[in-house]
Amino acid sequence: MTQHLYHTPHFLNKVQKQVNTALTLRNWIIGFYIVEYEQHGDDRAVYGQKLYKEIAENLKMAGVTSIRERHLYLCKDFYKAYSHILRTVFAKSYLSDLQEIEILRTLSANLYPYSDST
């Protein structure tokens with residue numbers, strides 16, 4: 001049965017799309033965290049602070065070994081280039097189940113200060 005599932009183009013396309021979406025949003029959130037929380041909206045970290053090295057080390061200690069220091073710079077650049085990505089309906093719906101994560105609650109509060117309900 002599993003052979004049939006993996007050979008189904010529709011199944012593979014959906015899986016690939018979900019993975020791409022998740023990684024895109026993960027990278028954006030990492031960039032958001034770096035720029036807004038660690039750099040306080042500044043373009044660069046304070047010289048000599050070793051911010052990216054410290055974040056990479058903390059992630060590694062937490063078991064996230066796939067994100068190294070260079071990747072953090074790319075996440076920051078991605079966030080700066082697409083800072084309004086979470087304003088899309090798709091991104092909001094994708095992250096709606098993840099509101100128990102503190103940074104996402106803070107992010108939602110900052111991006112959507114007014115309730116849509118009337």
Side-chain angles (χ1 to χ4, degrees):
M1 181 172 132
T2 56
Q3 279 184 332
H4 295 293
L5 287 175
Y6 288 111
H7 292 301
T8 306
H10 179 69
F11 175 76
L12 288 177
N13 287 339
K14 286 196 93 48
V15 168
Q16 288 170 341
K17 192 177 223 179
Q18 287 292 327
V19 169
N20 287 340
T21 300
L23 290 175
T24 298
L25 292 174
R26 178 204 67 180
N27 293 343
W28 189 93
I29 290 168
I30 290 170
F32 169 83
Y33 173 79
I34 290 169
V35 171
E36 302 300 335
Y37 285 92
E38 296 294 341
Q39 296 177 192
H40 307 289
D42 292 340
D43 225 16
R44 296 173 168 242
V46 175
Y47 181 76
Q49 192 178 33
K50 299 181 182 176
L51 173 66
Y52 293 91
K53 181 175 249 168
E54 185 179 307
I55 293 171
E57 196 59 40
N58 289 340
L59 287 169
K60 185 178 179 183
M61 288 178 10
V64 182
T65 58
S66 62
I67 299 178
R68 294 193 170 84
E69 188 176 347
R70 177 70 189 131
H71 187 86
L72 295 171
Y73 283 98
L74 295 173
C75 290
K76 181 214 40 150
D77 292 343
F78 180 66
Y79 169 74
K80 301 240 350 135
Y82 300 99
S83 61
H84 298 301
I85 199 170
L86 282 190
R87 294 183 189 265
T88 65
V89 173
F90 180 76
K92 284 194 275 185
S93 68
Y94 192 86
L95 293 174
S96 65
D97 293 335
L98 302 175
Q99 288 301 307
E100 68 273 2
I101 300 171
E102 181 179 348
I103 192 169
L104 294 178
R105 285 195 315 267
T106 304
L107 177 61
S108 292
N110 288 340
L111 290 177
Y112 315 109
Y114 304 105
S115 173
D116 290 339
S117 60
T118 51

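The analysis underlying the following values was restricted to heavy atoms, covering all of them including side chains, and did not include hydrogens, waters or symmetry mates.
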Answer whether the closest heavy-atom distance between the side chains of [X] and [Y] falls below 4.5 Å.
{"X": "Tyr73", "Y": "Arg70", "answer": "yes"}
{"X": "Val19", "Y": "Gln16", "answer": "no"}
{"X": "Ile34", "Y": "Tyr52", "answer": "yes"}

Nearest heavy atoms of Ile55 and Tyr33, plus distance in Å: CD1-CE2, 4.3 Å
Contacts of type side-chain contact (heavy atoms from CB on, under 4.5 Å), residue Arg68, not counting sequence neighbours: none
Could I get the full list of side-chain contact (heavy atoms from CB on, under 4.5 Å) partners for Glu54, not counting sequence neighbours? Asn58
[X] [atom1] to [Y] [atom2] distance, which is reported to the nearest 0.5 Å:
{"X": "His84", "Y": "Tyr79", "atom1": "NE2", "atom2": "OH", "value": "8.0 Å"}
{"X": "Phe32", "Y": "Cys75", "atom1": "CZ", "atom2": "SG", "value": "14.0 Å"}
{"X": "Leu51", "Y": "Glu69", "atom1": "CG", "atom2": "CD", "value": "9.5 Å"}

Kindly determine whether Asn27 and His71 satisfy side-chain contact (heavy atoms from CB on, under 4.5 Å), including the steps that lead there. CA-CA 9 Å; Asn27 293 343; His71 187 86; 3.1 Å; yes
For a side-chain contact (heavy atoms from CB on, under 4.5 Å) check, start with the C-alpha distance between Leu59 and Leu72, then their side-chain angles and the critical distance, and finish with the verdict. CA-CA 11 Å; Leu59 287 169; Leu72 295 171; 4.1 Å; yes
Spell out, yes or no, whether Leu74 and Leu25 are grouped together once hydrophobic residues are joined by side-chain heavy atoms under 4.5 Å, including indirect joins. no
